[in-house]
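To start, the structure itself, in structure tokens.
What's counted below: heavy atoms across the whole structure, side chains too, no hydrogens, waters or symmetry copies. So that the names make sense, note that chain A is the first sequence line, chain B the second, and so on, each numbered from 1.
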2 protein chains.
Amino acid sequence: MSHIIGKGHCLTCPIRYRSIFANLSEETLKSEIKDFHTSILTCRSNDIIYEQGEPSKYAYTLRNGLVKLTKSLPDGRTQIVRILKKGDLFGFDGFAKEDYNHNAITISQSEICRLPLSSLGLLRSKNTEIDTAMMTSWIKNIREAEDMLLELGAKKAPEKLASFLLKWCEGLDDRDWIKLELSRSEIGDLLGLTIETVSRFLSDWRRLGFIEELKGSIIIVDSKGLKEKACSSGSC
Amino acid sequence: MSHIIGKGHCLTCPIRYRSIFANLSEETLKSEIKDFHTSILTCRSNDIIYEQGEPSKYAYTLRNGLVKLTKSLPDGRTQIVRILKKGDLFGFDGFAKEDYNHNAITISQSEICRLPLSSLGLLRSKNTEIDTAMMTSWIKNIREAEDMLLELGAKKAPEKLASFLLKWCEGLDDRDWIKLELSRSEIGDLLGLTIETVSRFLSDWRRLGFIEELKGSIIIVDSKGLKEKACSSGSC
DNA sequence: CGTGTCGTTGAGTATCATCAAACGGAGTGG
DNA sequence: CCACTCCGTTTGATGATACTCAACGACACG
């Protein structure tokens with residue numbers, strides 16, 4: 001279970017500059033913050049932040065760790081609809097007077113800032129910087145969802161997996177290892193594949209020398225080879 | 001090709017109450033509108049409103065007809081990421097300083113209102129009603145995209161197709177025909193299936209008496225039967 | 001009456017899911 | 001320290017699902 005360890009302090013928040021409060025002046029932050037009751041949640045891996053159908057009273061900002069947003073069918077088949085990284089805002093369905101539309105579950109040990117939607121709404125209406133930041137974040141959400149729809153609807157298994165890996169490792173120097181963070185099952189839930197297909201392709205690519213894996217970390221050794229093999233049509 | 005037939009008149013706009021200007025008072029509309037240069041586009045079916053990668057200078061409101069937003073892979077495989085109905089707002093990527101992330105193409109003869117993003121942004125910052133309406137619309141976009149991700153990633157062909165049909169016919173009385181509007185190919189592009197699989201299942205269901213089709217219109221005769229056959233796991 | 005587009009249907013096949021078994025590392029308890 | 005379980009992963013064998021290729025019919029349009 002997650003639990004609250006205290007009140008948040010925006011001014012000293014380590015990820016403030018990646019959050020929706022990034023462009024807010026310190027003066028505004030100081031003057032507004034006194035009426036603003038944030039809580040910091042610390043979570044282990046696999047903690048549930050909220051579930052689909054619950055009334056949406058809080059928005060959240062991820063300070064540290066990773067969170068997955070998922071939806072499920074009655075028989076248990078699950079789709080990950082988004083993976084949240086440091087600074088991401090989520091759980092804002094209440095702004096549209098709707099219940100949460102997905103489950104939010106931690107993938108790793110995480111620290112999450114909880115913001116009451118009511119106060120956040122007030123703050124937003126009074127500070128254009130926050131407003132702009134939230135708008136930008138929503139539009140980015142939409143764009144990323146559209147990109148994922150193309151991945152899920154149009155691509156074949158190896159293409160999905162390869163572009164997932166390439167995106168995951170994006171911006172890294174060659175020879176830089178990165179924690180994969182996701183289990184085979186979670187990669188499957190994200191890409192609409194089974195554990196086995198994910199495992200098979202990764203094993204293939206390991207044998208072909210495109211990637212290496214070690215204790216949950218991964219490195220793309222030969223991205224060109226990977227692209228040629230998995231994305232013949234230039235899809236990655 | 002689409003072409004401009006004139007300037008929009010918000011006050012007399014037939015779909016104003018379904019648009020982001022729904023809750024704006026007539027006074028505000030009157031006073032603000034003079035600096036606001038909207039254009040009305042009339043389009044045949046299959047007209048391109050904008051394409052992915054173009055700079056996003058305008059947002060659009062669909063007044064009449066249907067529009068599909070699509071993304072494509074280099075080899076031509078296409079995914080429909082959203083289908084727009086009367087009153088829907090689209091093309092707002094520019095608010096996040098981004099180019100259009102998808103193509104916008106009419107599916108039927110359509111009438112579209114073009115709004116310069118710069119003026120819309122101003123209007124939004126001055127009128128909370130518009131602001132709220134746009135926020136709500138974005139959040140709805142995100143929620144619907146999440147729902148589609150579950151459709152595409154987790155469901156099998158007959159489940160996808162059945163829930164598409166049920167959603168398309170949602171809210172209709174029994175014995176009410178509705179135009180299907182989409183070709184087999186477009187249904188395929190929406191659900192991540194081929195023309196042939198779409199056609200096969202529809203033929204099956206026609207033979208089983210679940211649906212009837214006539215000159216591009218459709219009716220669900222036996223939604224219970226359809227659900228049982230296509231969505232055994234309660235997925236529709 | 002051709003021509004083109006869209007939809008249907010069939011046959012064959014590739015892809016990916018399913019089922020099943022075994023492996024390896026982490027953690028536990030004797 | 002070893003045996004044990006547990007969990008995630010790997011690998012193999014098999015099969016169903018949905019794709020591909022192809023032919024044909026229906027309909028609209030010039």
Parallel, tilted or perpendicular, as decided by the 30° and 60° cut-offs, for the rings of A/Tyr50 and A/His102: tilted
Neighbours of DNA chain D within residues 206-220 of chain A, by heavy-atom distance under 4.0 Å: A/Arg206, A/Arg207
Heavy-atom donor-acceptor pair, B/Glu186 side-chain to C/dC6 base, under 3.5 Å: no
Contact list for DNA chain D against residues 157-168 of chain A - heavy-atom distance below 4.0 Å: none
C/dC6 OP1/OP2 closer than 4.0 Å to side-chain N/O of B/Ser183: no
Nearest-neighbour nucleotide for the B/Arg184 side chain, D/dT20, C/dT8, D/dT10 considered: C/dT8
B/Thr194 vs D/dC19: side-chain N/O to OP1/OP2 distance below 4.0 Å: yes
Nucleotide nearest A/Phe201 (side chain, heavy atoms from C-beta), chosen from C/dC16, C/dT8, D/dT9: C/dC16
SG atoms of A/Cys113 and A/Cys13 less than 2.5 angstrom apart: no
From C/dT18, C/dT9, D/dT9, nucleotide with atom closest to A/Arg200 side chain: C/dT18
Phosphate-side-chain proximity, B/Thr197 and D/dA18, N/O vs OP1/OP2 below 4.0 Å: no
From B/Ile112 atom CD1 to B/Ile49 atom CD1, the distance as rounded to the nearest 0.5 Å: 3.0 Å
